[in-house]
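In what follows, a structure is listed as structure tokens, so that the remarks can point back to it.
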Amino acid sequence: MPYKLFDVDKEIPERKNHTYVKHCSDPAECMPACNTKTVPGSMSERGCAFAGAKGVITGALKDVVHVVHSPVGCTYYAGGTKRYPTSPDMPDGSKFPIENFNLKYVCGTDLVESDVVFGGMKKLRQSIIDAAQEFPEANAIYAYATCTTGLIGDDMDAVAKELTAELGKDVVVFNAPGFAGPSQSKGHHIANHTIFERLVGTQEPPTTTPYDIGLIGEYNIDGDLWVLESYLKEMGIRIISRFTGDACHNEICFMHRAKLNLVRCQRSATYIADLIKEKYDIPYINVDFFSTEYCAENLRTIGEYFGLEKKAEKVIADRMKKVGPELEFYREKLQGKKVYIFSGGPKSWHLAIPLEKELGIKVTAVASQFEHEDGYVKMKNRVNEGTLIVDDPNSMELEEMITNDRPDLILAGIKEKYMAHKLGVPSLMIHSYENGPYIGFEGFLNLAKDMYSNIYNPVWRMLEFEENPAKNGEIEGITESIETINGTEVAK
Ligand code: CFM
């Protein structure tokens, strides 16, 4: 029986197809149903297509002002709550005057009932003009359709076209209303196509070199991009265009000048890498920089491509020297701990093997809010016999899993975190991170540290959890002393 129906799903048996237990002898086609509408009655944790466009793809840009064409709620939730910091550095050497501009401001049209009845285009036009006046430093204005404006059918492109000419800067419409697809994944897709069709190839970079790469699908969560950039820089490779972490509008417009593209998030951004390959003949490589082994392996591949093998080896050796001994400590402490990975998708397959192989952790469940079949193939290939693979999980399922199975830690997001805490199980945010970055050599060490300090936090034995009588007061290995590792104090 490769599929599992949770007790909490008795009323919605359709959920069974989405929860697969891996058995090595199962045929290849055995995997969770995915990328379809959420089963009615299931309390999904998914985001909407608009969230996928603004919250993931475009919100990381440092010099763009965003106008959300919606009642005020969508605008509120489009605020910069995701942790993708930006530096002020611009490709021409100048500085953008507002630090972390992308995290600070969002504009909206604040639609009310009369706009729904009579149309919102006038308001949209005025809001874009106001945004341009309020933020003259912004180099472009991106405007977003939402469920309301998608339904009333405002012709946003007509407004944008007019205003691009009037304002003398790009006004780009992202037509990904919330209902455009089953999850945020559809918004990634639409935003990739919009950017490609509307922007790529419309500007030229100030300079080019033979070692210019495009880094695609890297959003600089908690500084991830800067870690990778430092490795590439030491190898003599320049990132000419970032899609879209710490990027500016202009560099998106000259993505067609990269010599090679690296695709980091292969769920949200392979679309544009494919489009660029097709039109401009620029090759791309899928990369995986989570963990020391994958990171080394991928830096070697990039080194080989550019004939920079020795430099790649130097970066790897330097970083391993720094993180190797400390990782050893965490490996010892994390050995045998039972962990779930609940992510949007890719992080569930990126991390499954590294956690097991490099830290000795047992990954007993993985879940994804919006992966497609190709991602589930990777997930299935990378987990052990008996691991539960859940598509579009609902909170009650997770509660049932935690209650019955008592993992030592769940790697998840803010939606799961406090429920896990209430059940007496530590939870670490794998979406926006806690003490990130989590990518690369140093990042993997940060992740290990955070996992360790969450599992071994003495709070879990100070509180009494009704659900968890077995563990009260006796989590194995916890003492109250503090140990110092390389100058950092950690609870032992
Ligand atoms: Fe790509 Fe991402 Fe992810 Fe994603 Fe996301 Fe994210 Fe994620 Mo949260 S772009 S698919 S839509 S790697 S926000 S940085 S962590 S669900 S696994």
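Whatever order the structure lists them in is the order used to number ligands and atoms, beginning at 1. Only heavy atoms go into these numbers, but all of them, side chains included; no hydrogens, no water, no symmetry mates.
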Protein contact of [atom] - nearest heavy atom, named by residue and atom, plus distance:
| atom | result |
| --- | --- |
| atom 15 (S) of ligand 1 | K347 NZ, 3.1 Å |
| atom 14 (S) of ligand 1 | I221 CG1, 3.6 Å |
| atom 8 (Mo) of ligand 1 | H431 ND1, 2.3 Å |
| atom 13 (S) of ligand 1 | K82 NZ, 3.1 Å |

Quiz prompt | Backbone N/O of E45 and side chain of K415: donor-acceptor pair under 3.5 Å | solution = yes

Exercise. Could you walk me through whether K417 and E434 pass the salt bridge (charged side-chain N to carboxylate O under 4.0 Å, His left out) test, one step at a time?
Key: CA-CA 12 Å; K417 187 180 179 80; E434 307 223 346; 2.6 Å; yes

Can you list the ligand 1 atoms lying under 4.0 Å from a non-hydrogen atom of [X]?
| X | answer |
| --- | --- |
| V56 | 9 (S), 11 (S) |
| P346 | 3 (Fe), 10 (S), 17 (S) |
| G345 | 17 (S) |
| H188 | 11 (S) |
| S268 | 1 (Fe), 9 (S) |

Please determine whether a side-chain nitrogen of the Lys or Arg among [X] and [Y] lies less than 4.0 Å from a carboxylate oxygen of the Asp or Glu.
| X | Y | answer |
| --- | --- | --- |
| D392 | R46 | yes |
| D405 | K338 | yes |
| E326 | K449 | yes |
| R242 | E218 | no |

Quiz item: Any N/O/S atom, backbone or side chain, of C265 lying under 2.8 Å from atom 1 (Fe) of ligand 1?
Solution: yes

Quiz item: What residue among T75, T146, T149, T148 forms side-chain hydrogen bond (donor to acceptor under 3.5 Å, both in side chains) with S70?
Solution: T75

Quiz prompt | Sole residue of H66, H69, K54 in side-chain hydrogen bond (donor to acceptor under 3.5 Å, both in side chains) with Y144 | solution = H66

Quiz item: Within less than 4.0 angstrom of ligand 1, does Q266 place any heavy atom?
Solution: no

Practice problem: Nearest heavy atom to atom 5 (Fe) of ligand 1 wins, so pick from Y219, Y84, F370, F290. | Solution: F370

